[in-house]
K.L.:
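Okay, here's the structure, questions in a sec.
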Amino acid sequence: MKPDNFSFAVQRKTGQYSDTQYWLLSSAGEPGAERQYSAEDKQSIAEAAAILAGGGTVAFPTETVYGLGADARNTSAVEAVFAAKGRPADNPLIVHLADREQLVEFVTGVSPAAEALMDAFWPGPLSLVLPVRAGVLSERVTAGLDTVAVRMPAHPTALALLSAAACPVAAPSANRSGRPSPTTAAHVREDLAGYIGGVLDDGPTGVGLESTVVQVQPDGRVAILRPGGITAEQLAAVPGVVVAPPSGTVSPAGGEAAGGPEVAAGNSPAPRAPGMKYTHYAPQGSLTIVSGSSQERVADQAAALLQAAQTRGEKTGLLLFEEHLALYPTAAAGCMVSLGSLNALEEGARALYGALRRFDDAGATYILAEACPESGLGAAIMNRLLKAAGGSVISTD
């Protein structure tokens, strides 16, 4: 494949996979496990790595979601990522590494608290915002800031690809900007076939939500910029780590009030990490969250709203938890999707983005989602739901 064939910043959407290289890996194995690749799979990984090293873009699996990678030092390659996704220019990217020793190449220092977090969670779904070394990475990666978010994924295929490419890889989620993030290669192909150089398919991802993004503050406390696969409780359990309490209050727009870490206004400065500024993860239909201290009242309100929507001709959807199914009338919505049990929120995290895409497949125009407790993984689930709903919440209290 010649370089001109995998530079897709020209934005030619054809809908045919022949314009995007596709590799389906066949070797058995689970994310995080010891993996033995067949000769064919090794060749596929090598081909994908060659595209990355040559300045192209490749979607690949991580333990969180599928990422769209490009050489973080190559501005034209990074620009192809922004173009393919339709991503705002001031939304920074996370750089993915195969080896922690690569950090010295492009960050100026790592604090003791950051070192402790790396020891505890790398490889894994934790990104750290660190001071960037000037002139090494493309400014498009950092959005012109003096920091960069970095992580080492806990997925054998991601690590094999990054090692073979031998470069730091900037990789946001491999979807059109604003859409639900991809947890399968089919989701990637649905959004980006014809826009990118290749898709490395190694089955569904494990965590299902993006990494947690943190930054060590000048006082040594760790601020959570984006909740994700590592919970606040897990962070706080690391010896020597003190997690800063959230600052600011959640605004009706789904961001945070002035003074908080999340930037809600569209014309405000570039955020320190992805997922802090814009609406993300949204299905095509309107989405509203219904919350309250009484689940019976939540179900009654949601059922009434869904019935009214059906009466006015809407195609309806309902996202709920397994324990509450009996509280709703039969066929309360045209498309009902369970996120599993509230007692096993890892199931809900893994299923969330696929569920939002199912509503699109069903043509749902009016969707309601139950809230869940914001502890543990619930904080990340609610963060993504609030973003997907644009902050639209109905409280029954």
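Note that this is a predicted model, so its numbers are computed, not measured.
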K.L.:
About how many Å separate CD of Glu115 and CG of Leu103, when rounded to the nearest 0.5 Å?
P.N.:
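Here the rounded value is 8.0 Å.
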K.L.:
If you group Ile, Leu, Val, Met, Phe, Trp and Tyr by side-chain heavy-atom gaps below 4.5 Å, do Phe321 and Leu318 land in one group?
P.N.:
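Different clusters: Phe321 never reaches Leu318 through Ile, Leu, Val, Met, Phe, Trp or Tyr contacts under 4.5 Å.
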K.L.:
Ignoring hydrogens and angles, state whether a donor on the side chain of Gln43 or Tyr37 is under 3.5 Å from an acceptor on the partner side chain.
P.N.:
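Result is no, nothing qualifies.
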K.L.:
Closer than 3.5 angstrom, by distance alone: can the side chain of Ser138 be matched with the main-chain N or O of Arg73 as a donor-acceptor pair?
P.N.:
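Side chain of Ser138 to backbone of Arg73: no pair is present.
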K.L.:
Distance check, rounded to the nearest 0.5 Å: Leu319 atom CG versus Ile381 atom CD1?
P.N.:
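So the CG of Leu319 and the CD1 of Ile381 are separated by 9.5 Å.
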K.L.:
Under the 3.5 angstrom rule, does the side chain of Glu323 hit a backbone N or O of Leu342 as a donor-acceptor pair?
P.N.:
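Looks like yes, one N/O pair under 3.5 Å.
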K.L.:
Considering non-hydrogen atoms only, spot the tightest contact between Ala302 and Tyr328 and give its length.
P.N.:
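Result for this residue pair: CB-CE2, 3.9 Å.
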K.L.:
Same cluster or not: Leu117 versus Ile224, using hydrophobic residues (I, L, V, M, F, W, Y) connected whenever any side-chain heavy atoms lie under 4.5 Å apart?
P.N.:
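Yes, same cluster.
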K.L.:
Please check if atom CD in Glu139 has more than 12 non-hydrogen atoms from other residues, nucleotides or ligands closer than 6.0 Å.
P.N.:
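No.
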K.L.:
Keeping the roles fixed (side chain from Asp397, backbone from Gly292), state whether a donor-acceptor pair exists under 3.5 Å.
P.N.:
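No; judged by distance alone, with no hydrogens or angles, the pair does not exist.
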K.L.:
How far does NZ of Lys42 sit from CG of Leu25, to the nearest 0.5 angstrom?
P.N.:
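CG of Leu25 is found 12.5 Å from NZ of Lys42.
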K.L.:
Nearest 0.5 Å please: distance from the CG atom of Leu385 over to the OG atom of Ser392.
P.N.:
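The distance works out to 12.0 Å.
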K.L.:
Hey, are Arg100 and Asp119 close enough for a salt bridge, meaning a charged N less than 4.0 Å from a carboxylate O?
P.N.:
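Yes.
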K.L.:
Quick check: does any side chain N or O of Gln215 sit under 3.5 Å from a backbone N or O of Val213, one acting as donor and the other as acceptor?
P.N.:
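Side chain of Gln215 to backbone of Val213: no pair is present.
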K.L.:
For Thr205 and Val207, indicate whether the former's side chain and the latter's backbone hold a donor-acceptor pair under 3.5 Å.
P.N.:
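No.
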K.L.:
Could you walk me through whether Asn175 and Leu192 satisfy the side chain to side chain contact (heavy atoms under 4.5 Å, CB included) test, starting with their C-alpha distance in whole Å, then the side-chain angles of each, then the deciding distance to 0.1 Å, before giving a yes or no?
P.N.:
CA-CA 7 Å; Asn175 56 287; Leu192 297 180; 5.7 Å; no
K.L.:
Using side-chain contact (heavy atoms from CB on, under 4.5 Å) as the criterion, point out the one residue from Leu130, Val169, Leu137 that pairs with Val95.
P.N.:
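Exactly one candidate clears the test, Leu137.
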K.L.:
When clusters are formed by joining ILVMFWY residues with side-chain heavy atoms under 4.5 Å apart, either directly or through shared neighbours, do Leu128 and Val136 land in the same one?
P.N.:
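Hydrophobic grouping puts Leu128 with Val136.
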K.L.:
For the residue pair Ser291 and Ile394, establish whether any side-chain heavy-atom pair is separated by less than 4.5 Å.
P.N.:
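The answer is no; the side chains never approach within 4.5 Å.
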K.L.:
Using distance alone, with no hydrogens and no angle criterion, decide if Ser338 and Glu322 have a side-chain donor and acceptor under 3.5 Å apart.
P.N.:
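Yes - a donor-acceptor pair under 3.5 Å links their side chains.
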K.L.:
Are any of the side-chain nitrogens in Arg140 or Glu79 under 4.0 Å away from the carboxylate oxygens of its partner?
P.N.:
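A salt bridge is present here (some side-chain N lies under 4.0 Å from a carboxylate O).
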K.L.:
Taking Asp41 for its side chain and Ser26 for its backbone only, find out whether a donor-acceptor pair lies under 3.5 Å.
P.N.:
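Judged by distance alone, yes, a pair lies under 3.5 Å.
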K.L.:
Is there side-chain contact between His155 and Phe60, with at least one heavy-atom pair below 4.5 Å?
P.N.:
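Result no, sub-4.5 Å side-chain heavy-atom pair not found.
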K.L.:
Quick check: do Val222 and Val242 have side-chain heavy atoms less than 4.5 Å from each other?
P.N.:
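Side-chain contact under 4.5 Å: no.
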K.L.:
Look at the side chain of Lys85 and the backbone N and O of Ser173, then say whether any donor-acceptor pair between them is shorter than 3.5 Å.
P.N.:
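Checked: pair present.
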K.L.:
Pick one: which of Thr212, Leu209, Ile94 meets side-chain contact (heavy atoms from CB on, under 4.5 Å) with Arg226?
P.N.:
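Per the side-chain contact (heavy atoms from CB on, under 4.5 Å) rule, the option paired with Arg226 is Ile94, out of Thr212, Leu209, Ile94.
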K.L.:
With side chain to side chain contact (heavy atoms under 4.5 Å, CB included) as the criterion, how do Val199 and Thr20 come out once you've worked through the C-alpha distance, each side chain's angles and the decisive distance to 0.1 Å?
P.N.:
CA-CA 7 Å; Val199 180; Thr20 294; 3.9 Å; yes
K.L.:
Run the side chain to side chain donor-acceptor pair (under 3.5 Å) test on Ser211 and Ser127 for me, step by step, so that the C-alpha distance in whole Å, both residues' side-chain angles and the decisive distance to 0.1 Å come before the verdict.
P.N.:
CA-CA 6 Å; Ser211 63; Ser127 297; 2.8 Å; yes
K.L.:
Flag yes if Trp122 and Val241 sit in one hydrophobic cluster, no otherwise; membership is Ile, Leu, Val, Met, Phe, Trp, Tyr, and two members link when side-chain heavy atoms are under 4.5 Å apart.
P.N.:
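Hydrophobic grouping puts Trp122 with Val241.
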K.L.:
Any chance you could measure Leu159, atom CG, to Arg35, atom CZ, to the nearest 0.5 Å?
P.N.:
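Going from CG on Leu159 over to CZ on Arg35, the span is 11.5 Å.
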K.L.:
Evaluate the side-chain proximity of Val150 to Val129: yes if any heavy-atom separation is below 4.5 Å, no if none is.
P.N.:
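The answer is no, as the side chains (C-beta and beyond) never meet within the 4.5 Å cut-off.
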K.L.:
Can you confirm if the NZ or CZ of Arg151 lies within 45° of the ring axis of Phe121 and under 6.0 Å from the centre of its six-membered ring?
P.N.:
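Not satisfied by the 6.0 Å and 45° rule.
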K.L.:
What's the shortest heavy-atom distance between Ala143 and Ala89, and which atoms?
P.N.:
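That closest heavy-atom pairing would be CB-O, 4.1 Å.
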K.L.:
Do the numbers put Arg189 on top of the ring of Tyr22, so that NZ or CZ is under 6.0 Å from the six-membered ring centre and no more than 45° off the axis?
P.N.:
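Yes, cation above the ring, under 6.0 Å and within 45°.
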K.L.:
For Val65 versus Pro182, what's the shortest heavy-atom pair and its separation?
P.N.:
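For Val65 versus Pro182, the nearest heavy atoms are CB-O, 3.3 Å.
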K.L.:
Dump the intermediate steps for side chain to side chain contact (heavy atoms under 4.5 Å, CB included) on Leu126 and Leu235, then the final yes or no.
P.N.:
CA-CA 10 Å; Leu126 180 70; Leu235 295 171; 4.0 Å; yes
K.L.:
Can you measure from CZ (Arg179) to NE2 (His187) and round to the nearest 0.5 angstrom?
P.N.:
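Between Arg179 CZ and His187 NE2, I get 9.0 Å after rounding to 0.5 Å.
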K.L.:
Check whether any side-chain heavy atom of Thr108 lies under 4.5 Å from a side-chain heavy atom of Val132, and answer yes or no.
P.N.:
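Answer no - side chains too far apart.
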K.L.:
Between Leu161 and Leu52, is a side chain to side chain contact (heavy atoms under 4.5 Å, CB included) present by the stated rule, with each step listed?
P.N.:
CA-CA 9 Å; Leu161 176 67; Leu52 286 175; 3.9 Å; yes
K.L.:
Do Tyr353 and Arg384 have side chains that approach each other closer than 4.5 Å (heavy atoms only, starting at C-beta)?
P.N.:
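The answer is yes; the side chains approach within 4.5 Å.
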K.L.:
Write down the atom of Glu63, the atom of Gly124, and the distance for their closest heavy-atom approach.
P.N.:
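Of all heavy-atom pairs spanning Glu63 and Gly124, the closest is OE2-C, 3.0 Å.
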K.L.:
Hydrophobic clusters here meaning ILVMFWY residues chained together by side-chain heavy-atom distances under 4.5 Å, can you tell me if Leu339 and Ile367 are in one?
P.N.:
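Per the 4.5 Å side-chain linkage, Leu339 and Ile367 are co-clustered.
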K.L.:
May I ask you to decide if Ala84's main-chain N or O and Arg176's side chain share a donor-acceptor pair within less than 3.5 Å?
P.N.:
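Side chain of Arg176 to backbone of Ala84, a donor-acceptor pair under 3.5 Å: yes, one is there.
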K.L.:
Judged by atom type as modelled, is there a donor-acceptor pair below 3.5 Å linking the side chain of Asp202 to the main-chain atoms of Pro61?
P.N.:
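No, the answer is negative, given that no donor and acceptor are paired below the 3.5 Å cut-off.
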K.L.:
Short question: side chain of Arg87, backbone of Asn91 - any donor-acceptor pair under 3.5 Å?
P.N.:
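Looks like yes, one N/O pair under 3.5 Å.
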K.L.:
Compare every heavy atom of Ser177 with every heavy atom of Gly86, then report the nearest pair and how far apart it is.
P.N.:
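In this case the closest contact between Gly86 and Ser177 is O-CB, 3.4 Å.
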K.L.:
Kindly indicate whether the side chain of Thr183, heavy atoms from C-beta on, has any atom under 4.5 Å from the side chain of Tyr66.
P.N.:
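Answer no - side chains too far apart.
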K.L.:
Pair Thr64, Glu210 - check side chain to side chain donor-acceptor pair (under 3.5 Å), show working.
P.N.:
CA-CA 5 Å; Thr64 58; Glu210 294 84 353; over 6 Å; no
K.L.:
Can you tell me if Arg358 has over 12 outside heavy atoms packed within less than 6.0 Å of its CZ?
P.N.:
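Counting neighbours around CZ of Arg358, 12 or fewer heavy atoms of other residues, nucleotides or ligands fall under 6.0 Å, so no.
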K.L.:
Is there a donor in the side chain of Thr396 and an acceptor in the side chain of Gln301, or the other way round, less than 3.5 Å apart?
P.N.:
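The answer is no; no qualifying pair exists.
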K.L.:
Which heavy atom of Ile51 sits nearest a heavy atom of Gly197, and at what distance?
P.N.:
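It is CD1-O, 4.2 Å.
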K.L.:
Are any non-hydrogen side-chain atoms of Arg357 and Thr184 less than 4.5 angstrom apart?
P.N.:
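SC-SC contact between Arg357 and Thr184 ruled out.
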K.L.:
Can you tell me if Glu314 and Thr365 form a side-chain donor-acceptor pair at under 3.5 Å?
P.N.:
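Glu314 vs Thr365: donor-acceptor pair found between side chains.
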